[in-house]
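As the structure is a computational prediction, the values presented were derived from the model and not from experiment. For ligands, and for the atoms within them, numbers begin at 1 and follow the listed sequence.
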Amino acid sequence: MYEKVVSRNPGEREFHQAVFEVMQSVGPIAEERSDYAQWSILQRICEPERQIIFRVPWVADDGKVEINRGFRVEFNSALGPFKGGLRFHPSVNLSIIKFLGFEQVFKNALTGMPIGGGKGGADFDPKGRSDGEVMRFCQSFMTELYRHVGEYTDVPAGDIGVGGREIGYLFGQYKRITNRYESGVITGKGLTWGGSQVRTEATGYGTVFFVEQMLQARGEHLEGKRVVVSGAGNVAIYAVEKAQALGAVVVAVSDSGGYVVDEAGIDLELLKEIKEVERGRLTEYVERRSGATHVTDGCIWDVPCDIALPCATQNELDESAAKTLAANGVTLVAEGANMPSTPAAVQLFQAAGVLFAPGKASNAGGVATSALEMQQNASRDSWHFDETEARLQEIMSEIHDTCLATSDHYGAPGNYVVGANLAGYVRVADAMVALGVI
Ligand code: NDP
Ligand code: 2IT
């Protein structure tokens with residue numbers, strides 16, 4: 001079946017990788033649920049329900065017309081409307097959007113909330129672009145996307161390169177074209193125009209809540225642990241914030257230009273000022289903080305730590321990085337990003353007895369809080385920060401327990417990859433069986 005997926009989707013390396021990883025886990029299900037084969041569940045799950053590719057023309061500040069390629073892959077809507085982020089990054093192509101959409105299906109199922117899976121984006125590079133350029137790009141992108149999305153159809157959100165600013169421009173254009181204030185069409189909105197408390201923090205916080213659960217299951221805590229977080233974007237910043245709040249010492253963060261080591265512990269206010277306010281580079285961090293160093297050779301995983309949280313991008317942690325981490329005594333790795341560890345790295349962690357949480361479980365707090373935003377929009381309500389954070393914490397704890405129980409049930413106790421894949425898979429598969437051949 002894997003070979004068929006490869007030949008039907010030639011050259012889509014990241015998509016193949018994500019499918020392979022799930023297929024490797026589902027063996028035990030085939031025995032227990034022989035009815036799934038009759039329904040061709042595995043084949044159907046690997047085929048997106050709909051894939052949309054479109055031209056995005058826009059005018060740059062210098063008057064030149066720029067062209068980008070937009071994508072929305074509506075992967076599976078058995079459990080609810082398609083749900084998943086939009087990524088704006090020059091590396092975006094169909095393979096990357098399909099791998100992300102595929103992962104999203106199982107992640108969203110794991111949250112237990114009524115959301116299907118999808119993903120979208122464009123090969124647009126927001127770096128160095130003015131607010132006006134970003135706005136015109138977003139407006140052009142939505143001018144095509146609006147006909148495919150909706151509160152009950154497909155609900156986008158943010159991902160790499162798409163934060164509050166972009167969500168605002170996208171929602172504004174949707175509202176203008178449709179003449180409807182349909183809050184539930186997109187999540188990650190601002191707090192004064194339909195957004196939810198904690199959505200900004202949710203993925204990073206959720207990842208750290210998941211880590212706490214993993215540690216607690218073994219009688220340990222984050223307090224005093226040495227943590228390395230890759231990335232310096234939305235997920236990374238709020239992973240640092242919650243890890244520090246729970247008493248960990250975060251000694252390194254990174255961006256695509258290198259990494260910073262700060263043995264005294266990352267100065268979060270400075271990091272936020274540089275990344276969220278100024279949209280600057282990490283080199284500026286060391287200019288304003290004595291004792292910190294900026295490193296451009298090697299990689300962030302050379303920094304010894306107890307806990308590693310990859311929160312930047314796919315395949316950023318390879319086998320050699322995993323070897324270095326393990327040799328330096330890492331005891332736990334939890335993915336804040338989507339598929340940041342290569343398959344060889346995951347294997348190495350598992351063989352070395354390093355606790356490992358796959359992104360589809362540990363980073364599910366973002367999309368879960370998006371589902372909470374949808375709930376608030378549907379009931380025209382808004383909840384307080386503490387209440388919303390408590391819901392997030394509860395959801396992460398349920399996901400954690402589900403993964404552990406499922407790994408036990410299928411004879412791989414403590415294997416969070418098996419637990420997450422199988423628990424997510426069964427939820428989607430059962431809904432697909434119930435809804436018939438569609
Ligand atoms: P941001 O755009 O806010 O930040 C991305 C960070 O990762 C930046 O520091 C960026 O550095 C770095 N980065 C991105 N691409 C590369 C690359 N090719 N090489 C090196 N560094 C890179 O994105 P998010 O924080 O939102 O997303 C990070 C990860 O988390 C992604 O994998 C995303 O899919 C995943 N995720 C996000 C969720 C969310 O709610 N936002 C939810 C669940 C998962 P630079 O600025 O230099 O490019
Ligand atoms: O990868 C992800 O889960 C996200 N980028 C968030 C998706 C969402 O709909 O909030």
Check: [X]/[Y] side-chain N/O donor and acceptor closer than 3.5 Å:
X    : Y    : answer
Q376 : S382 : no
N68  : W58  : yes
Y2   : H16  : no
R199 : S370 : yes
R391 : S196 : no
Q139 : Y169 : no
S230 : E316 : yes
D61  : S130 : yes
D262 : Y285 : yes
K83  : S77  : no
D123 : N93  : no
N377 : E182 : no
Q173 : Y146 : no

Distance-only N or O hit between ligand 1 and [X], under 3.5 Å:
X    : value
K127 : yes
G158 : no
A232 : yes
N338 : yes
N234 : yes

Could you see which bit of [X] sits under 4.0 Å from ligand 1, with heavy atoms only: side chain, backbone, both or neither?
X    : answer
H89  : side chain
T203 : side chain
S230 : neither

What atoms in ligand 2 come closer than 4.0 Å to a heavy atom of [X]?
X    : answer
A157 : 8 (C), 9 (O), 10 (O)
K107 : 1 (O), 2 (C), 3 (O)
G158 : 4 (C), 5 (N), 6 (C)
G85  : 7 (C)
S370 : 8 (C), 9 (O), 10 (O)

Winner among G257, G336, A368, S256 once heavy atoms are compared against atom 45 (P) of ligand 1: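 Looking at heavy atoms only, S256 sits closest to atom 45 (P) of ligand 1.
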
Among I160, T200, N315, T187, closest by any non-hydrogen atom to atom 27 (O) of ligand 1: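 That would be I160.
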
Specify the protein heavy atom at minimum distance from [atom]: its residue, its atom name, and the distance to 0.1 Å.
atom                    : value
atom 2 (O) of ligand 1  : G161 N, 3.0 Å
atom 9 (O) of ligand 2  : K83 NZ, 2.7 Å
atom 6 (C) of ligand 1  : G233 N, 4.0 Å
atom 24 (P) of ligand 1 : V235 CG2, 3.8 Å
atom 19 (N) of ligand 1 : T313 CG2, 4.0 Å

Are any of the side-chain nitrogens in [X] or [Y] under 4.0 Å away from the carboxylate oxygens of its partner?
X    : Y    : value
D306 : R226 : no
K119 : E74  : no
K360 : E103 : yes

Per-atom contacts of ligand 1 with [X], taking only distances under 4.0 Å to non-hydrogen atoms:
X    : answer
C311 : 28 (C), 29 (C)
A312 : 7 (O), 12 (C), 28 (C), 29 (C), 31 (C), 32 (O)
D159 : 26 (O), 33 (C), 34 (O), 36 (N), 37 (C)

Can [X] be said to touch ligand 2, with heavy atoms closer than 4.0 Å?
X    : result
K119 : yes
P156 : no
E103 : no

Heavy atom of protein inside 4.0 Å of atom 10 (C) of ligand 1, strictly below: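 There is no protein heavy atom less than 4.0 Å from atom 10 (C) of ligand 1.
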
Using non-hydrogen atoms of the residue, decide whether [X] is closer than 4.0 angstrom to ligand 1.
X    : result
R281 : yes
R199 : yes
R87  : yes

Under-4.0 Å heavy-atom contact with ligand 2, by part of N338 that carries it: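 The answer is the side chain of N338.
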
Rounded distance (nearest 0.5 Å) linking atom CD1 of I97 with atom CZ of R87: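 Output value for this atom pair is 7.0 Å.
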
Plane angle bin for F88 and F137 - parallel if under 30°, tilted between 30 and 60°, otherwise perpendicular: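 Rings of F137 and F88: perpendicular, over 60°.
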
Polar atom proximity, R199 to ligand 2 (N or O, under 3.5 Å):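 By distance alone, the answer is yes.
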
